[in-house]
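Quick notes on the structure that follows.
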Protein chains: 2
Amino acid sequence: MDAKAILREHITKTISIPDDQFDHVFSHFKLQSYKKGQTVITEGTFVHAEYFVIDGCLKSFFINDNLKMFILQFAMPTWWVSDYSALYSGNKATISVDCITDATVLSLANEDREKLCKEFHAVEHFFRWRTNKGYVASQKRLLSLMNNDARHRYEELLNLYPQLYNLVPKHLIAAYLGISRETLSRLYNNS
Amino acid sequence: MDAKAILREHITKTISIPDDQFDHVFSHFKLQSYKKGQTVITEGTFVHAEYFVIDGCLKSFFINDNLKMFILQFAMPTWWVSDYSALYSGNKATISVDCITDATVLSLANEDREKLCKEFHAVEHFFRWRTNKGYVASQKRLLSLMNNDARHRYEELLNLYPQLYNLVPKHLIAAYLGISRETLSRLYNNS
DNA sequence: ATAGCTGTGTGACCTACATCACATTCGAAA
DNA sequence: TTTCGAATGTGATGTAGGTCACACAGCTAT
């Protein structure tokens, strides 16, 4: 299935949209390929677009003053990723996005999204629901972080995304869970 | 300023809307008063509405198996609060909402919000942006929870919402920060 | 093949915070 | 004004997870 079909299928889970309208919408997306390790959004620079993942795996992450990394999101196919705080506000990025594997994405510029939302009520509806889901997921993760210990969160993550176990280096999983790589290593080895 | 004017002012920060349209929108809201301690959403029951705070302070919270409480949000005037996970999905609530002080809110039923979003493109736009902001705030809090220690998060909270210090009992602030009330007490005494 | 880098395991030790127990203060109701 | 419960302070002690240090395995590029 090509990028266009994947996006179409993704969108039509939330709204229905006639072919010609979708063609118009799709014309605003740009297909981009990245190599493993390449950076898509760099902390400290302006953010112009958000990205819909077609293939591969990206991460959005924050690096604190002690150079410790925290991962906000692993972005798998059909997920959206960006620094939304920076994108919506027009400020410089505080988080970065890069590629854990070779990746193909569809990029959508901020002003194109806003233009499309204005043109088509249904597109606005789609993006409202996409963010709704993101918001709910983020709240869930907040609760889990406060409520559950590291082992519990680790099992939760692997249940939700079994692919991650083989796809993503363990120290990145630790950075997502909010624990050190050593603690993660001990979690699944010593009992 | 009455409830209608407060809502109008709140909405027109994001969209512009003619008087007659706003009147129609407003007619779907129901003004409700609660006493301190009253419950607005009860865990385990179905959720039908979301709430726009006119006056007072509410909290949305989760209680785990050990009866430990975690606060997701303090809802102050012009904030929205509900169990959005339950509201959007139609499932029973996993979090509760109650009143820290006497409170006045405008309730908006889920199907009325969806109806209004369908009727007026601008209303859909408004709700998209409201959720955008919530999503960004939630991500920020996630990062802070992973990145910063308790003292840092405490100061962050008080900077952002100085009113909370006098308005809200300390053990609730602790439940928001994800620490025990004892630890919070030690934070600002034995400094 | 060798060098070098990235990822991972593991021991020793440290620390922020939790938990438990009890004392104290304060505000609201009787 | 007394009483009672909710909120808060504080000491003693426990523990999950962090940090540091070092070992070693497996790629990749020369």
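Every chain is numbered from 1 and lettered A, B, ... according to where its sequence line falls, protein lines coming before strand lines. Values below: every heavy atom of this structure, side chains too, minus hydrogens, waters and symmetry copies.
Position along DNA chain C of the nearest nucleotide to B:Ile179 versus B:Lys36 favours B:Ile179 as the more 5'-ward residue. Between A:Gly178 and B:Lys170, the residue whose closest nucleotide on DNA chain D is further toward the 5' end is B:Lys170.
Which of D:dA12, C:dG7, C:dC17 sits closest to the side chain of A:Pro169 comes down to C:dG7. Distances from the side chain of B:Ser185 to the nucleotides D:dT19, C:dC17, D:dG9 place D:dG9 closest.
Contact annotation for B:Lys68: backbone-only contact, meaning every heavy-atom pair under 4.0 Å involves sugar-phosphate atoms and none involves a base.
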Next item on the list: Determine, step by step, whether B:Val123 and B:Arg128 satisfy the side chain to side chain contact (heavy atoms under 4.5 Å, CB included) criterion, reporting the C-alpha distance in whole Å, the side-chain angles of both residues, the deciding distance to 0.1 Å, and the verdict.
Entry: CA-CA 9 Å; B:Val123 171; B:Arg128 175 164 73 89; over 6 Å; no
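The separation between B:Leu187 atom CG and D:dG9 atom P is 11 Å, rounded to whole Å. Atoms CD (A:Glu182) and C1' (D:dG17) sit 10 Å apart, rounded to a whole Å. In this entry the distance linking CZ of A:Arg153 with P of D:dG17 reads 7 Å, nearest Å. In this structure, CE of A:Met146 is placed 15 Å from P of C:dC17, rounded to the nearest angstrom. B:Leu184 has its CG atom 14 Å from the C1' atom of D:dT10, to the nearest Å. If you measure from atom CZ of A:Arg181 to atom C1' of D:dG17, you get 14 Å, rounded to the nearest angstrom. Atom CG in B:Asn166 sits roughly 15 Å away from atom C1' in D:dT8 (whole-Å rounding). Taking atom CG of residue A:Leu177 and atom C1' of nucleotide D:dG18, one finds them 15 Å apart after rounding to whole Å.
Close to C:dT8, at under 4.0 Å from its OP1 or OP2, lies no side-chain N or O of A:Tyr188. When the side-chain nitrogen and oxygen atoms of B:His171 are compared with OP1 and OP2 of D:dA6, none of them lie within a distance under 4.0 Å. In terms of phosphate contacts, A:Ser180 brings a side-chain nitrogen or oxygen within less than 4.0 Å of OP1 or OP2 of D:dG18.
The NE2 atom of A:His125 sits 12.5 Å away from the CD1 atom of A:Ile11 when rounded to the nearest 0.5 Å.
Between the side chain of A:Arg186 and the base of C:dG11, a donor-acceptor pair under 3.5 Å is found.
Under the 30°/60° scheme for interplanar angles, the aromatic rings of B:Tyr176 and B:Phe74 are found to lie parallel.
A salt bridge links A:Lys35 to A:Asp102: at least one charged side-chain nitrogen sits closer than 4.0 Å to a carboxylate oxygen.
For the salt bridge (Lys or Arg N to Asp or Glu O under 4.0 Å) with B:Arg113, the qualifying choice from B:Glu50, B:Glu119, B:Glu124 is B:Glu50, the only one to do so.
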